[in-house]
Structures are given as C-alpha cells and as structure tokens.
Amino acid sequence: MRTTTATGLEGFVELLAGGGVLVLSGAGLSTESGIPDYRGPDGQRRVQPMQYSEFVGSSAARQRYWARSYVGWQRFSNAGPNAGHRAVAELQRAGVVGPVITQNVDGLHQAGGAVDVTELHGALERVVCLTCGDRTGRWDLDERMREANPGYEVTSDEIRPDGDIALHDLDVEAFVVPLCLVCGRDTLKPDVVFFGESVPKPLVQNCFELTERARVVLVLGSSLAVMSGYRFVRRAAARGTPVGIITHGPTRGDGEATHRLDAPLGATLTELTRRLAA
C-alpha cells in the first residue's frame with residue numbers, strides 16, 4: 001500500500017501544477033450531466049447490464065437490447081457536458097492535462113472541448129456489424145429504427161450509463177430489429193465494449209504507453225472496479241508515478257493512490273482549474 005501524501009484540494013493543486021497529467025475518467029464524471037453511474041458510493045452495481053455473451057448468443061437478446069436502447073437513446077443523447085468535462089478541457093488548454101483516457105461511452109469529454117481522448121470502452125454514437133464489419137452512425141441507425149417502428153412509443157424516465165433502459169416483454173416483442181444494410185443480418189452492435197467483452201489489445205497497449213509517459217495519473221469519477229481501467233493505475237503505481245483520485249466513495253485503487261479526495265467532480269475541478277490558472 002502506498003502512503004497517501006495529501007487528501008485536500010491544495011494537495012491536488014501542488015500535484016497537478018507541474019503538468020504532464022494523464023486523466024483517467026469514469027462514469028462518476030457524467031453523473032452531473034444526468035447520466036447515472038453503474039455503481040453507487042457503496043460500490044454495489046445499481047443495474048445489471050447485458051453481457052457480451054448474451055448479446056451475441058441470440059436474436060432475441062439483440063431484439064431486447066435494441067428495443068431498450070432505442071427508447072433510452074432519446075434521453076441519453078440529450079445529455080450535455082457538465083462543469084467537470086469543461087474543466088478537464090480547460091486544464092488541457094492550460095497545458096496541465098495532456099491525454100484523456102475515458103471509460104465512458106457518452107462522448108461528453110469531446111462535447112466539452114477536450115481533445116486527445118481515448119475511448120477505452122468505445123462510443124455509443126457508433127455502430128458496427130459483427131458479421132461483415134460495416135460501420136455506421138447511431139443517428140442514422142436511429143432514423144432507420146424509427147421508420148421500421150412507426151408509432152412505437154414507450155414512456156420512460158429511466159437513463160443508464162450505456163443508454164439502455166428496462167422494458168416490459170410485450171414492448172420488446174413489438175419492436176422491429178434493425179438489420180445491417182450491407183449483409184442483411186441482425187448482428188448490429190453499438191461500438192462499445194460490453195461487460196464480459198475484452199478491450200482490443202492495441203488499444204490497451206496504447207493506454208499503457210500513455211500511462212508510462214505521464215508524470216501524474218489523475219482518476220476522475222471511477223471506482224476502478226473493472227480491470228480495464230484499474231490496470232493503468234497499477235502500472236503507474238508500479239513505476240512510482242503519483243496517482244490522484246477524485247470521486248465519491250471508496251475505489252479499488254485507493255491502495256495505489258498518493259492523493260485522494262472524496263468530493264463532487266464539477267465544483268472540485270472548477271476550483272482546481274481556477275487555482276491552477278492563478
């Protein structure tokens with residue numbers, strides 16, 4: 001276990017002031033945009049997302065996914081960047097933060113002005129066919145699903161990190177599944193890494209290289225419960241690179257952290273940006 005050297009905001013100001021900061025962000029950064037995270041402060045999963053093996057295993061599972069996602073996307077896509085996203089972008093412009101690795105699939109870092117963003121788990125705005133590899137945009141697919149399902153309306157106030165929601169079986173059975181325009185199969189999948197699916201090895205290697213070049217790794221809004229993000233914290237700690245974590249509740253990486261702060265992301269990052277700019 002590493003010794004935590006500072007837990008207050010001033011400690012983070014000193015940590016980040018030298019620049020060379022790699023940001024690793026998670027779902028907690030987007031909660032202030034109205035997109036809830038998968039786990040609460042106690043680390044327990046709020047919802048059970050569809051597993052990769054389930055999605056590829058049957059047409060019925062894909063019908064269930066796309067019916068739920070079609071409804072959920074209408075709310076998910078309306079979410080906008082919050083103060084935390086904008087602060088990260090401002091810290092980039094100030095030369096404090098360099099690359100960003102995000103576990104989020106919502107595209108809000110880029111919408112908030114950030115550049116050099118590596119989407120570790122992909123992005124919901126892209127769609128790929130698992131049969132022929134054809135790629136398309138989610139907005140185009142959404143329009144096709146709308147045309148194939150005239151009058152399909154399900155009222156729901158729910159929103160999840162992956163744009164999914166819960167639906168009754170009858171609502172699922174009434175939904176017409178989108179087909180690939182190239183091969184005609186029903187194997188379209190959002191271009192994201194499902195639970196139980198592996199992040200592509202070249203992408204992982206690139207993130208390891210970013211980690212090894214960083215002077216500091218700053219974790220924002222992630223419990224680090226999944227290895228896909230936690231491994232970069234472990235690599236940083238093994239190399240003696242300082243690791244700062246700002247989020248609500250305990251994280252899997254607390255033992256590797258040198259700086260730790262349990263605080264809301266938007267206000268905290270805004271204040272950090274103000275102090276660093278001063």
Side-chain angles (χ1 to χ4, degrees), residues 1-16 18-32 35-46 49 84-85 87-88 91 96-106 109 114 117-121 161 193 195-196 198-199 203-266 268-269 272:
M1 178 177 291
R2 305 173 82 186
T3 302
T4 301
T5 59
T7 56
L9 192 63
E10 192 56 43
F12 277 86
V13 173
E14 296 174 0
L15 176 69
L16 305 183
V21 178
L22 170 67
V23 164
L24 171 62
S25 69
L29 187 62
S30 294
T31 55
E32 292 177 35
I35 302 176
D37 53 10
Y38 275 112
R39 292 175 173 83
D42 59 359
Q44 297 300 308
R45 190 176 292 174
R46 304 175 193 269
H85 297 110
V88 170
L91 288 171
V96 175
V97 167
V100 174
I101 300 172
T102 185
Q103 297 172 277
N104 298 338
V105 297
D106 52 36
H109 270 300
V117 179
T118 297
E119 295 170 316
L120 188 63
H121 294 159
V193 177
F195 279 80
S198 298
V199 179
L203 182 57
V204 173
Q205 183 57 39
N206 178 64
C207 290
F208 273 132
E209 292 172 0
L210 293 176
T211 302
E212 291 170 2
R213 291 199 294 267
R215 186 187 66 84
V216 173
V217 172
L218 177 63
V219 180
L220 302 176
S222 176
S223 65
L224 301 172
V226 294
M227 183 57 73
S228 62
Y230 178 49
R231 58 185 147 196
F232 306 122
V233 169
R234 292 182 63 183
R235 176 64 62 89
R239 293 173 58 85
T241 302
V243 175
I245 300 177
I246 304 176
T247 193
H248 276 309
T251 82
R252 191 179 182 182
D254 287 349
E256 285 88 2
T258 56
H259 296 64
R260 180 75 172 87
L261 188 60
D262 189 326
L265 273 297
T268 302
L269 290 174
L272 271 175

Flag side-chain contact, heavy atom, 4.5 Å: V88 against S25: no

Results of side chain to side chain contact (heavy atoms under 4.5 Å, CB included) for E14 - residues two or more places apart only: E10

Step-by-step side-chain contact (heavy atoms from CB on, under 4.5 Å) determination, L22 to F232: CA-CA 10 Å; L22 170 67; F232 306 122; 6.0 Å; no

Within-4.5 Å side-chain heavy-atom neighbours: F12 and I246: yes

Non-hydrogen atoms of S228 and Q103 that approach each other most closely: OG-NE2, 4.0 Å

Salt bridge (charged side-chain N to carboxylate O under 4.0 Å, His left out) against R252, all qualifying residues, sequence neighbours excluded: none

Set of residues satisfying side chain to side chain contact (heavy atoms under 4.5 Å, CB included) with respect to R213, sequence neighbours excluded: E209, L210

For V117 against H109, the heavy-atom pair lying closest together: CG2-CB, 4.1 Å

Residues which pass side chain to side chain contact (heavy atoms under 4.5 Å, CB included) with T247, listed by chain and number, not counting sequence neighbours: I245, T251, R260

Side-chain heavy atoms of L24 within contact of L224, under 4.5 Å: yes

Gap separating the CG atom of D106 from the CD1 atom of I35, nearest 0.5 angstrom: 4.5 Å

Pairwise side-chain contact, T241 with R215, heavy-atom cut-off 4.5 Å (strictly under): no

Any residue meeting side chain to side chain contact (heavy atoms under 4.5 Å, CB included) with A87, in chain and number order, not counting sequence neighbours: L269, T273

Rounded distance (nearest 0.5 Å) linking atom CG of N206 with atom CD1 of I101: 7.5 Å

Close side-chain approach of V23 to L220, heavy-atom, < 4.5 Å: yes

Close side-chain approach of V199 to R231, heavy-atom, < 4.5 Å: yes

Partner set under ring pair (Phe, Tyr, Trp, His ring centres under 6.0 Å) for H121, not counting sequence neighbours: none

Closest heavy-atom pair and its distance - P242, L15: CB-CD1, 3.7 Å

L120 to C207 - nearest heavy-atom pair and separation: CD1-SG, 4.0 Å

N104 to S30 - nearest heavy-atom pair and separation: ND2-OG, 3.5 Å

Under-4.0 Å salt bridge between E212 and R235: yes

Least distance between heavy atoms, A236 atom then V243 atom: CB-CG2, 3.9 Å

Any residue meeting side-chain hydrogen bond (donor to acceptor under 3.5 Å, both in side chains) with E32, in chain and number order, not counting sequence neighbours: none

